[in-house]
Amino acid sequence: MEAQLSDVEAGRRFYGELFGWTFGQTGEDGETGEDGEDGETGEDGEDGESEGGSGGSGDAGDPASEPERPKEPGKAEQPGKAERPGKAGRPGEPQQPGTSLRAYLEGEPVAALVRKTDGRMPTVWSVYFHTPDARALAERIRAGGGQVVTPPHPVGELGTAALAADPEGAVFALWEPGGHRGFGRRHEPGTFAWAELYTRDTEAANAFYGDLFHDALFGPDADPDFGRAPVSDVFPAEMPPHFLVHFLVRDVEAALGTVARLGGRVRVPPFETSYGRAAVVSDGQGASFALLQR
């Protein structure tokens with residue numbers, strides 16, 4: 001999971017104070033951990049796991065507060081429940097040394113801030129799905145009606161990344177780990193908690209992601225940590241389909257006050273979901289994300 005920003009140092013100040021993150025520089029051939037120590041720890045995972053990313057298996061938060069998984073094709077949907085496609089995983093466009101900062105919480109990796117190399121690129125938080133084989137998954141995305149925007153490519157010794165879009169145009173990324181495994185912490189205050197796909201056609205989303213990540217959604221060990229909902233549930237009807245990264249906080253209202261003080265904006269005031277109380281905000285550069293209180 002990473003934020004594409006014009007000003008990485010401004011991002012460091014914003015997210016460092018909001019979530020208590022510390023930072024270390026990273027480059028293509030390796031990375032320097034916080035306070036200059038080499039290396040980092042991550043989490044092992046199966047296809048579809050999240051690092052604020054996307055792949056083919058799924059982790060989730062508190063089971064008592066989670067929504068249902070996406071229904072299998074042909075099964076009736078239960079109204080009022082948010083469905084969940086798979087796990088979320090890791091970012092990784094190639095970067096020159098010094099253009100990317102790895103974010104840590106209590107010494108464990110939780111996200112990355114990456115300087116945009118082209119001002120025309122959107123200022124966004126990217127969701128990555130963890131996969132053991134990015135090339136094979138890219139072919140399945142094409143076969144399912146999606147698009148591979150950037151084919152799988154190596155990111156130094158860290159891993160292999162790709163950028164894709166589903167049939168409705170919602171963009172996500174793939175991460176095949178090498179030296180970088182993924183999250184060291186999640187589902188804790190100040191870390192990744194959930195990724196929601198906002199889409200216009202929930203049935204088509206069920207079919208597409210259910211086919212890509214069936215084991216992650218319906219397998220015996222499935223525990224997804226992203227879901228889907230109609231765009232119009234939260235956003236104006238003209239909003240394009242997209243993934244929204246959620247960070248866990250202890251108190252949404254208190255966190256909103258901190259966002260405002262740091263120069264961010266409240267995009268959608270707090271609202272109730274089946275997986276917790278959420279609000280949509282953006283940082284001072286316009287990258288949107290959600291705050292989630294379980």
Side-chain angles (χ1 to χ4, degrees), residues 1-9 11-12 15 21-57 87-105 107-139 141 148-165 171-186 191-192 245 287:
M1 177 172 62
E2 69 188 9
Q4 299 276 343
L5 304 173
S6 297
D7 189 338
V8 169
E9 285 304 312
R12 178 206 288 261
Y15 292 102
W21 292 350
T22 56
F23 297 88
Q25 196 172 61
T26 129
E28 278 193 50
D29 297 324
E31 63 187 294
T32 301
E34 59 176 348
D35 300 326
E37 295 180 2
D38 291 337
E40 69 175 295
T41 56
E43 153 184 67
D44 293 341
E46 299 178 0
D47 187 14
E49 178 172 22
S50 24
E51 208 231 72
S54 318
S57 91
K87 279 193 175 182
R90 135 96 195 168
E93 290 292 327
Q95 300 294 324
Q96 295 301 316
T99 64
S100 177
L101 290 175
R102 181 63 40 76
Y104 298 86
L105 186 65
E108 300 286 357
V110 293
L113 308 182
V114 178
R115 181 176 62 83
K116 294 194 297 183
T117 56
D118 186 334
R120 295 170 296 181
M121 295 170 61
T123 302
V124 295
W125 274 98
S126 299
V127 172
Y128 283 70
F129 287 100
H130 180 220
T131 175
D133 190 335
R135 295 188 184 281
L137 189 56
E139 289 304 316
I141 288 169
V148 177
V149 180
T150 303
H153 57 273
V155 184
E157 297 178 356
L158 300 179
T160 298
L163 191 67
V171 176
F172 59 96
L174 308 179
W175 182 251
E176 178 183 333
H180 175 68
R181 297 298 303 170
F183 289 135
R185 303 174 87 87
R186 58 179 169 178
T191 71
F192 171 83
V245 173

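On a predicted model such as this, the values are computed, not experimentally measured, just so you know.
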#### Entry: From CA spacing to verdict: side-chain contact (heavy atoms from CB on, under 4.5 Å), Arg102, Tyr104
CA-CA 7 Å; Arg102 181 63 40 76; Tyr104 298 86; 3.6 Å; yes
Report task. Go through the steps to decide whether Leu163 and Leu174 satisfy the test side-chain contact (heavy atoms from CB on, under 4.5 Å), and finish with yes or no. Result -> CA-CA 6 Å; Leu163 191 67; Leu174 308 179; over 6 Å; no
I would like to know whether Phe192 and Val245 meet side-chain contact (heavy atoms from CB on, under 4.5 Å); could you show each step before the answer? CA-CA 7 Å; Phe192 171 83; Val245 173; 4.0 Å; yes
Candidate pair Met1 and Phe183, rule side-chain contact (heavy atoms from CB on, under 4.5 Å), full reasoning | CA-CA 9 Å; Met1 177 172 62; Phe183 289 135; 3.8 Å; yes
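Closest approach of Pro152 and Arg135 over heavy atoms only: O-NH2, 3.4 Å. In this structure, Ser100 and Ala112 approach most closely via the heavy-atom pair OG-CB, 4.5 Å. Nearest heavy atoms, Arg185 versus Val110: O-CG1, 3.9 Å.
Using a 4.5 Å heavy-atom cutoff, the side chains of Thr160 and Val155 are not in contact.
For Trp175 (side chain) and His180 (main-chain N/O), a donor-acceptor pair under 3.5 Å exists by modelled atom type. Checking side-chain atoms of Lys116 against main-chain N and O of Gln4 turns up no donor-acceptor pair under 3.5 Å. Glu176 contributes no side-chain N or O that, together with a main-chain N or O of Thr131, makes up a donor-acceptor pair within less than 3.5 Å.
Ala3 pairs by the side chain to side chain contact (heavy atoms under 4.5 Å, CB included) definition with Leu5, Leu113, Trp125, not counting sequence neighbours. With sequence neighbours left out, the side-chain hydrogen bond (donor to acceptor under 3.5 Å, both in side chains) criterion links Trp21 to no other residue. Contacts of Arg12 classified as salt bridge (charged side-chain N to carboxylate O under 4.0 Å, His left out), with partners at least two apart in sequence or in another chain: Glu9.
Residue Arg181 holds its CZ atom at 12.5 Å from CG of Leu158, rounded to the nearest 0.5 Å.
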